Structure formats: structure tokens, C-alpha cells
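Only a predicted model underlies this, so the values are computations on that prediction, with no experimental measurement involved. Numbered from 1 within each chain, the chains take letters A, B, ... in sequence-line order.
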Protein chains: 2
Amino acid sequence: MATLPQAKSSPAPAAKGRGRRTTRASGDDRERAILETAERLLEERPLSEISVDDLAKGAGISRPTFYFYFPSKDAVVLTIIDRLVADAGGGREEILARLADAGPQAGLRASLENLYAAFRSRPGVVRAGSDLRTTNQEARDLWAQVMEGWVADVTAVIEFERSRGTAPPGQPAREMAIALVQMNERAQYATLLGEEPSLEGDRVLDVLIEIWLRAIYGTAEPG
Amino acid sequence: MATLPQAKSSPAPAAKGRGRRTTRASGDDRERAILETAERLLEERPLSEISVDDLAKGAGISRPTFYFYFPSKDAVVLTIIDRLVADAGGGREEILARLADAGPQAGLRASLENLYAAFRSRPGVVRAGSDLRTTNQEARDLWAQVMEGWVADVTAVIEFERSRGTAPPGQPAREMAIALVQMNERAQYATLLGEEPSLEGDRVLDVLIEIWLRAIYGTAEPG
DNA sequence: GACTGTATCAACAGTGTGTTGAGTAGGTCA
DNA sequence: TGACCTACTCAACACACTGTTGATACAGTC
């Protein structure tokens, strides 16, 4: 992948006012207990139906004590999402390399599969993150940054393939990339949460990949 | 359009327990005032930052009186959305017909343009509808029904084009349709709300249409 | 002119959030 | 040892919001 322009790939920033107010102590256990309680409850019911008291009770502390560890319910979820996103973005560079080595078909599948796998195991957390975006600016910013990273990667791939002559020209690469990444976001989210209509879990990648390949490598000559 | 199988196209159902508890009276004004207040406020700030009291005040009544007209804040938004969706779906049959007459390129553009136009003027309402889906089952059902209608239409078009031989075979038509419709939903929503990254308002249709045409009519021979 | 249905709201009950202020318990250094 | 700091804890409070009750006013009938 030496030839493929490297997209800016900064790791998630160390969440500013998030975690505890001060640092260090045996209360690390409590903090972990809160996070674990949140993860567990989020697989049971949506964030809007989980109160700070639920999280506190689950961690064996009172509500005011909860506020010693986190400034709000949202902050807990953002901490969880930060980690999930870091996991999902982990293999990004190797993946990008594999994309060039293995060829577009296999490379694309590997990339999207990797991504999908990271979220599939915790649909509740994904839903919570999505919900948060509607009320929380920090959640929007975090997700925007993630999307931007993927868009940059895909843009680079499309431009590279076009410059090699393996992909035909068309709408600007970045714009194609934005639409394709958005399609994946929406389709995979719907599948994960079993929305109706949505693609079946074992079909979603096949379908998305066909659209990606046709959008990038195909030309349309409708007759 | 006689040859194109007609997708089930039921109009939005007459919202059950929504509107007023009982009927008729001069209080129609009040009901309208509440709806107008909601539409106005939603263009200013998100639903989560609008209280029942805001709506009541805006309509010149007290909070309990609000509950005489609507069972909840959500019900107001759902009423607004119902109408918006009815507007957007209005021209559906003519559009389908035009699609077959004008050919895929122009027909598709006309369809998507029509749809986009219906929502463009009230981004606040669109956002509210999207927000509602996270907490409100009725909102989810309503949107699912709308999506299902579009998916059915697009599926029919794809199958028709494939049977005519103008579109090549590929992944099942319905699955392609789902992914494409989801892409539009997400991309247009992002554009409408000015998310980052998103497509510019004057670019979104060009880009989406290219992807639709390539996905439906193109084949991918990467290499 | 008693009756019925529309329309209205003060006052209440309940559930959630985030804050205050008063503490306890352990370590550290004089 | 005891004064002192810092991590940690929570009962009680102050708010903001939702949804309900019960009383009331006011129209139109019959």
C-alpha cells in the first residue's frame, strides 16, 4: 500500500472532561462497575430508559456517588463508545494494505467484514451511540470524526483505482465515498437492530459490496 | 406504466389515538395553534429541548389544556409527520409512471428530486421525526411503512428492468432496493441537517443518482 | 332551567436530574 | 501521635419536567 496516499488516521482523542473528576484510588473498581453495568443494561433496554440511579444501583453506590465518577449518564456511554470505536479502527492500516494486496473484491470484503464484526457483538451500545447523537454534541463530533476517517480512506482508494485506470471516471471520489460510507452506516445499523425493512445479517455484506463494486468500477449504460 | 407491477401503496392510516380526545368545537383553532407552534419551534431547536409547556404557551393555553388536545408531545410531532409524509408520497403514482415513460435517468432524477423537495423545506421536522424514532414505537412503525413503500417501488423497477434485459442480473432486487433506499435516507438526512461529512445540497442528487444507475444498470469488472 | 358536552386551569403526584454540605477512612508528614 | 490532606460517600435539597385530578365556566339543547 505504499502507493496509496495515507489518509489522516488520528486515534480517538483522550476524552476531555469525561472520566473521573480527579484521579487514582481503589475507586477504579467502582468506575469499572459503572461501565459494566451500563454495557449490560444497554443490551436490555435503550439509554432513555436507563436512569443514573439504575447505573448507580448496579454499581452498588448511591446516585451522588455516581456523579463523583462521571459527570452524567452520557459521559458513561461516550466512554464506552470511545473504546468500541478504538477497537473497530484498530486494524485500519493493515486493512488498507490488504485492500491493495488482495485486490478490490477480497480487500473490500475484508474491510467491511472487519468493521461490521466490531459492532455486531454489542448492538445495544451501537443503538445508544446513535441515540446519543440526537442530543449530545460530543457524540456527534466523535462520530463525525470516525466517518471522516472512513471517507478519507475510501476516497483514497477510489482515486487510486481511477488513476490506475482500473476504475472509470465519474462523480468526485470524495462525494462517492461519502454516500457509500453513509449507506453502510445506515444499512448495517438497520440490520444490527433488526429494523424493518432491513437486510438479513448474513446478506448485508454481499449486497453492500455489490453496490460498492458497481459504484466504483462499473459504468451505467441504461438502455 | 401498465407493465410495471404496482406496489402496494396504502395511504397513511388515520392515526388512531392521536389527535383530540373528543371531536368538534371552536377549539380547532387551538389545535392548529399547537401544531403551528411545534413546527415553528422545531426549526429553532430539537424536540428534546421543547417542553409541553413551551407548546402550550406558544398556543396561548395552559399545560393541562394542552393535554385536552394531544395526549403527549410525541403525538403532536407524529401528526405533523403524518402530513409531511402524505405530501411526500402524494405524487408517487405519477412519478412511477413518469419513470417508465421518461426512461431511467430522467425518471429516477424526477423521483428523487420530488422526494427531496418535500422534506427540504422543513429540516426541523425531519430531525424531530428521526429523533422520535429512538424512543417512540409509533414513529418507528410509521417510518418503516414509508420505507417499505419506497423499497417496494424500487424493487419493482429493478425487476422490471432486469426482465426487459436492460439491467444485468445481480443480488436480489429487493435487497438492492433496501440498501439504495437506506443510502438515500441517510445521505439526504445528513445533507439536510448539514452534518459533517455530508454532500452539498446541490450535489447530493447527482451523486446518489450515479450510484443508483451504476448499481442497477452497471456491472463491475474490477481489474 | 335542569342537562350535556366542550373547554379551561390551579393544584397535585411522580420521576428524573444535578448540587450541596456534611461527613468517613486511609495515608503522610511533623 | 495528632494535625492535615485527599479520596470517597451519601442524605437531603432544588429544579425541571410529565401527566392527572377535580373544580369550574360556558355553550347549546330539549
- Is the closest side-chain donor-acceptor distance between Q137(A) and D141(A) under 3.5 Å? yes
Between CG of D53(B) and P of dT18(D) the distance, given in whole Å, is 8 Å
Whole-Å distance, E49(A) CD to dT18(D) C1', equals 15 Å
Closest of dT19(C), dG19(D), dT17(C) to the P64(A) side chain is dT19(C)
Counting any heavy atom closer than 4.0 Å, what does S62(A) reach on the DNA or RNA strands: base, sugar-phosphate only, or nothing? base
Do NZ/NE/NH1/NH2 and the carboxylate oxygens of E210(B) and R214(B) come within less than 4.0 Å? yes
Exercise. Strictly by modelled atom types, are W150(A) and N184(A) linked by a side-chain donor-acceptor pair under 3.5 Å?
Worked result: no
| task | Scan T65(A) against the nucleic acid and name what it touches under 4.0 Å (heavy atoms): base, sugar-phosphate only, or nothing. | result | base
Here the distance between atom C1' of dT21(D) and atom CZ of F68(B), to the nearest Å, is 15 Å
Against the side chain of Y69(A), the closest entry in dT9(D), dT19(C), dT17(C) is dT9(D)
Between CG of D74(B) and C1' of dT18(D) the distance, given in whole Å, is 12 Å
Closest heavy-atom pair, Q182(A) versus A190(B), reported as atoms and distance to 0.1 Å, is NE2-CB, 3.3 Å
Per atom distances to the R63(A) side chain, the nearest of dC10(D), dC13(D), dG19(D) is dC13(D)
Rounded to whole Å, CD1 of I34(A) lies from C1' of dT9(D) at a distance of 12 Å
Atom CD1 of I61(A) and atom C1' of dA11(D) are separated, to the nearest Å, by 15 Å
Atom NZ of K57(A) and atom P of dT9(D) are separated, to the nearest Å, by 16 Å
Taking dG19(D), dT17(C), dT8(C) as options, the one with an atom nearest any side-chain atom of R30(B) is dT8(C)
Answer with yes or no whether the side chains of R203(A) and Q171(B) bring together a donor and an acceptor at under 3.5 Å. yes
note: F66(A), atom CZ; dT19(C), atom C1'; distance rounded to Å ~ 14 Å
